[in-house]
2 protein chains.
Amino acid sequence: MKWVKLMTNRVRRTMPLLPISIVMQLTELTARQIRYYEEHELINPARTEGNKRMFSLNDVDTLLEIKEYLDQGLNIAGIKKLYDTKEIPKNEKAEPKNLSDAELRKLLREELKHQARPFEKGGFRQSDLTRFFK
Amino acid sequence: MKWVKLMTNRVRRTMPLLPISIVMQLTELTARQIRYYEEHELINPARTEGNKRMFSLNDVDTLLEIKEYLDQGLNIAGIKKLYDTKEIPKNEKAEPKNLSDAELRKLLREELKHQARPFEKGGFRQSDLTRFFK
DNA sequence: ATTTTAATGTAAGAAAACATAACATGTTGT
DNA sequence: ACAACATGTTATGTTTTCTTACATTAAAAT
């Protein structure tokens, strides 16, 4: 059952949750910029069935990085080279990748349920999604 | 500076990030159900300028709770009574609430920056939003 | 000093996602 | 059988996001 931990860990950071409007607020980038960076393959946000971009927390991280790099004077090409050079997460390809989105979300919820949280100052919630984001 | 910790802690759980489509997936509730629960004041999702609902992680938690309670045979009225009875988080009102959304997001980003993360198996990110969700 | 190029701004038109409202349906309790 | 509750469904309008194309601005190259 070790892989479940690894899995949910990866899932919660890679699950596409955020629409572009929120990412704009979080990163203070314009939609144009975000799409431009995608065009140049610095990010690869998921798409809904209707073709709308959906971003993961990892995507947001990357965008914040890109912003910093640009501030530091790098250009897109340089940043891309940086990313291309980064060692590819080897574990990534070893993991069972053939899980549907639905299955992954179910996984998340399941672990939610089974990790009963004792109490909390302000109430007595039974479940808490936020535990999956660190 | 202690309140910043408290603040970001509260912020990351109450910041409206998720559109209803994602919440539907996360909770396996229909849009109709979610709106119905809001109508009966079990949740109170934020709204965009254009009136679209935006949900926080706390909202998702609450929805998962509601689902469980309904499964357990409670009805809306019962659940509402439960929530109304819950002690109101006293600290809530003591905290400086007069911060704009923009300021709160800035706060988040700032703390991101200053908490430089050493390294990571798969790369060398400089910032990481996910740290704000636990 | 022009001219390119890179990054971003802006506008138009179409489609997706979401809103409210009204009516329909299936369950449960009386 | 009826009433109330929870949810489904459909219609219609608005907001958000998409792609594409052209404009602008600043830096780099000529």
Side-chain angles (χ1 to χ4, degrees), chain A residues 15-56 59-60 62-84 101-102 105, chain B residues 15-56 59-60 62-84 101-102 105:
Chain A
M15 191 167 17
L17 296 176
L18 315 172
I20 197 170
S21 52
I22 294 296
V23 175
M24 288 171 63
Q25 297 179 150
L26 254 30
T27 60
E28 280 182 330
L29 293 168
T30 66
R32 181 63 166 99
Q33 289 175 301
I34 295 170
R35 296 191 190 114
Y36 185 71
Y37 303 151
E38 182 195 29
E39 194 176 358
H40 289 268
E41 304 180 277
L42 294 179
I43 52 174
N44 236 308
R47 297 288 184 131
T48 67
E49 279 197 8
N51 200 36
K52 269 84 179 91
R53 273 168 267 253
M54 293 298 304
F55 299 78
S56 68
D59 288 329
V60 176
T62 303
L63 286 171
L64 289 171
E65 277 186 14
I66 294 170
K67 230 184 133 183
E68 283 193 21
Y69 284 137
L70 287 176
D71 270 1
Q72 293 169 17
L74 300 224
N75 63 8
I76 303 286
I79 300 174
K80 188 166 183 206
K81 188 65 92 178
L82 261 183
Y83 287 161
D84 289 350
D101 269 16
R105 280 190 291 273
Chain B
M15 193 169 12
L17 296 176
L18 314 173
I20 198 170
S21 54
I22 292 297
V23 175
M24 289 171 63
Q25 298 179 149
L26 254 32
T27 61
E28 279 183 332
L29 294 168
T30 65
R32 182 66 165 96
Q33 289 175 302
I34 295 171
R35 296 191 189 113
Y36 185 71
Y37 303 152
E38 182 194 30
E39 194 175 359
H40 289 270
E41 302 179 276
L42 294 180
I43 52 173
N44 235 307
R47 298 286 184 132
T48 67
E49 279 196 7
N51 201 35
K52 270 84 180 89
R53 272 169 267 254
M54 293 299 304
F55 299 79
S56 68
D59 289 329
V60 175
T62 302
L63 286 170
L64 288 171
E65 278 185 14
I66 294 172
K67 228 184 138 185
E68 284 193 19
Y69 284 136
L70 287 175
D71 270 1
Q72 293 169 17
L74 299 223
N75 62 8
I76 303 286
I79 300 173
K80 191 172 181 198
K81 187 66 91 179
L82 262 183
Y83 286 162
D84 290 349
D101 269 15
R105 279 189 293 272

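Between the CG atom of L74(B) and the P atom of dC5(D) there is a distance of 15 Å, rounded to whole Å. Between the P atom of dA6(C) and the CG atom of L42(A) lies a distance of 14 Å, rounded to the nearest Å. The distance from atom CG of L70(B) to atom C1' of dC5(D) is 11 Å, rounded to the nearest whole Å. Summarising the geometry, the separation between CD1 on I34(B) and P on dG8(D) is reported as 11 Å, rounded to the nearest angstrom. One interatomic measurement links the two molecules: CD of E39(A) to C1' of dA6(C), which rounds to 12 Å at whole-angstrom precision. In this structure, N75(A) atom CG and dT4(C) atom C1' are separated by 15 Å, rounded to whole Å.
OP1 or OP2 of dA7(C) sits under 4.0 Å from a side-chain N or O of Y36(A).
Between Y83(A) and I66(A) the shortest side-chain heavy-atom distance falls below 4.5 Å.
The minimum heavy-atom distance between G78(A) and L74(A), with the atom names listed, is C-CD1, 4.5 Å. When all heavy atoms are compared, the tightest approach of M24(A) to I34(A) is CG-CD1, 3.8 Å.
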Notebook entry, point to check: Given D59(A) and S56(A), is the side chain to side chain donor-acceptor pair (under 3.5 Å) satisfied, shown in steps?
Noted result: CA-CA 5 Å; D59(A) 288 329; S56(A) 68; 3.2 Å; yes

Check: In B/S/- notation, 5' to 3', how is nucleotides 10-27 of chain C contacted by protein heavy atoms closer than 4.0 Å?
Finding: B-----SSBSB-------

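For E39(A), the CD atom counts as densely surrounded, since its 6.0 Å shell holds more than 12 non-hydrogen atoms of other residues, nucleotides or ligands.
Between the NZ atom of K67(B) and the CG atom of L63(B) there is a distance of 10.0 Å, given to the nearest 0.5 Å.
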